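The structure presented is a predicted model; accordingly, all values stated were derived computationally and were not measured. Chain A is the first sequence line, chain B the second, and so forth, proteins listed ahead of strands; every chain is numbered from 1. All values below were derived from every heavy atom in this structure, side-chain atoms included, with hydrogens, water molecules and symmetry-related copies excluded.
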There are 2 protein chains.
Amino acid sequence: MSFSIAEVAESSGLSIDTLRYYERIGLIDPPVRDSGGRRRYTDDDLRWIEFLNKIKLTGMSIKTMREYAALRKFGDASAGRRKQIMLDQRTDVLSRIAELQSCLDVLNYKIDNYQRVEDRLAELRGDLTEQGATA
Amino acid sequence: MSFSIAEVAESSGLSIDTLRYYERIGLIDPPVRDSGGRRRYTDDDLRWIEFLNKIKLTGMSIKTMREYAALRKFGDASAGRRKQIMLDQRTDVLSRIAELQSCLDVLNYKIDNYQRVEDRLAELRGDLTEQGATA
DNA sequence: TTAGAAGCTGGAGTGCACTCCAGGTCAAGC
DNA sequence: GCTTGACCTGGAGTGCACTCCAGCTTCTAA
């Protein structure tokens with residue numbers, strides 16, 4: 001089974017231009033072409049693209065993803081370096097999660113504050129309405 | 001008490017250029033100047049810069065931060081909109097945390113795999129050494 | 001009083017990750 | 001056989017968030 005570039009774009013959430021860009025810079029291997037020169041992606045290609053998408057979400061730079069992609073070509077011999085990249089990324093993700101958690105506190109504090117301001121303003125408007133009613 | 005731009009840069013972790021850039025684009029109010037025309041930042045300025053830093057960590061764009069900064073000028077009247085911005089940002093942060101958590105699974109899976117490959121390679125090398133010893 | 005450090009301005013340059021475009025090819029349906 | 005739409009290429013353009021620079025002024029310390 002193989003897929004057109006449009007199908008891959010659809011299923012991966014990347015644009016067609018982005019897929020071609022990733023190929024140009026060596027993130028994706030050039031897929032086979034059909035008789036008319038169009039790209040046909042295999043299941044393997046799809047899985048790799050899904051994986052790229054996933055590690056992109058962790059905030060990995062394209063530079064690092066390219067290194068990782070290049071290392072795949074060396075098979076088991078590059079397992080050590082690839083493991084290291086994943087380890088570094090995990091460290092990164094863990095600290096980013098912690099960072100975001102601490103930001104939540106600030107956000108919540110601000111939200112509470114604005115809520116209080118809004119409540120006070122609503123109350124004031126209520127008072128005015130009452131005055132208007134009794135005047 | 002007031003601070004030179006170098007001191008603010010030091011304490012905020014932003015560069016001097018970035019501080020001036022933020023001022024240019026309206027993220028930071030122009031601080032008062034000393035007799036020689038140099039910027040002197042107040043405690044209030046510092047607090048605002050710290051806050052900016054914090055919400056930047058949440059991934060808020062400069063565009064949104066600028067809107068938020070501009071809204072401050074309207075005081076309580078803008079509390080509603082500012083609360084909304086913080087609410088949106090909180091939603092964002094929560095989903096990003098969830099996303100990162102799910103990425104951790106992939107990272108862990110990969111790390112385990114590479115560990116297994118390395119273990120196997122180490123074992124093979126061990127065998128070779130033994131062979132070498134007995135040959 | 002003078003050298004050097006720190007700060008100033010407006011504007012240009014950078015790196016990243018795409019995104020768009022002009023002009024061309026190819027296959028399918030009418 | 002001709003139109004239409006998907007796809008192709010190389011290269012230019014975009015938006016974001018800085019970052020750097022030249023050429024100037026001002027304070028400080030020897």
Using heavy-atom distances to pick each residue's nearest nucleotide on DNA chain C, tell me which of B:Arg24 and A:Met65 is more 5'.
B:Arg24
For A:Leu14 and B:Asp17, find the nucleotide of DNA chain C closest to each by heavy atoms; which residue's nucleotide sits nearer the 5' end?
B:Asp17
From [X] [atom1] over to [Y] [atom2], what is the distance, rounded to the nearest 0.5 angstrom?
{"X": "A:Leu107", "Y": "B:Met60", "atom1": "CG", "atom2": "CE", "answer": "7.0 Å"}
{"X": "A:Lys83", "Y": "A:Met86", "atom1": "NZ", "atom2": "CE", "answer": "12.5 Å"}
{"X": "A:Arg39", "Y": "A:Ser4", "atom1": "CZ", "atom2": "OG", "answer": "11.5 Å"}

Please find the earliest and latest nucleotides of DNA chain D, in the 5' to 3' direction, that have an atom within less than 4.0 Å of any heavy atom of chain B.
D:dA17 to D:dC27
Taking the ring of B:Tyr68 and the ring of B:Phe51, is the distance between their centroids below 6.0 Å?
yes
Contact between A:Arg40 and A:Pro31 at the side-chain level, heavy atoms closer than 4.5 Å - yes or no?
no
Looking at B:Lys54 and A:Asp105, is any side-chain nitrogen of the basic one under 4.0 Å from a carboxylate oxygen of the acidic one?
no
Criterion side chain to side chain contact (heavy atoms under 4.5 Å, CB included) on A:Arg72 and A:Asp29, from CA distance to verdict:
CA-CA 11 Å; A:Arg72 288 198 313 156; A:Asp29 286 336; 3.8 Å; yes
In residues 32-62 of chain A, which ones come under 4.0 Å of DNA chain C, going by heavy atoms?
A:Ser35, A:Gly36, A:Arg38, A:Lys56, A:Ser61, A:Ile62
Salt bridge (charged side-chain N to carboxylate O under 4.0 Å, His left out) between A:Asp44 and A:Arg47, worked out
CA-CA 5 Å; A:Asp44 261 20; A:Arg47 268 190 293 277; 2.7 Å; yes
B:Tyr21 OH - C:dT9 P separation (whole Å):
17 Å
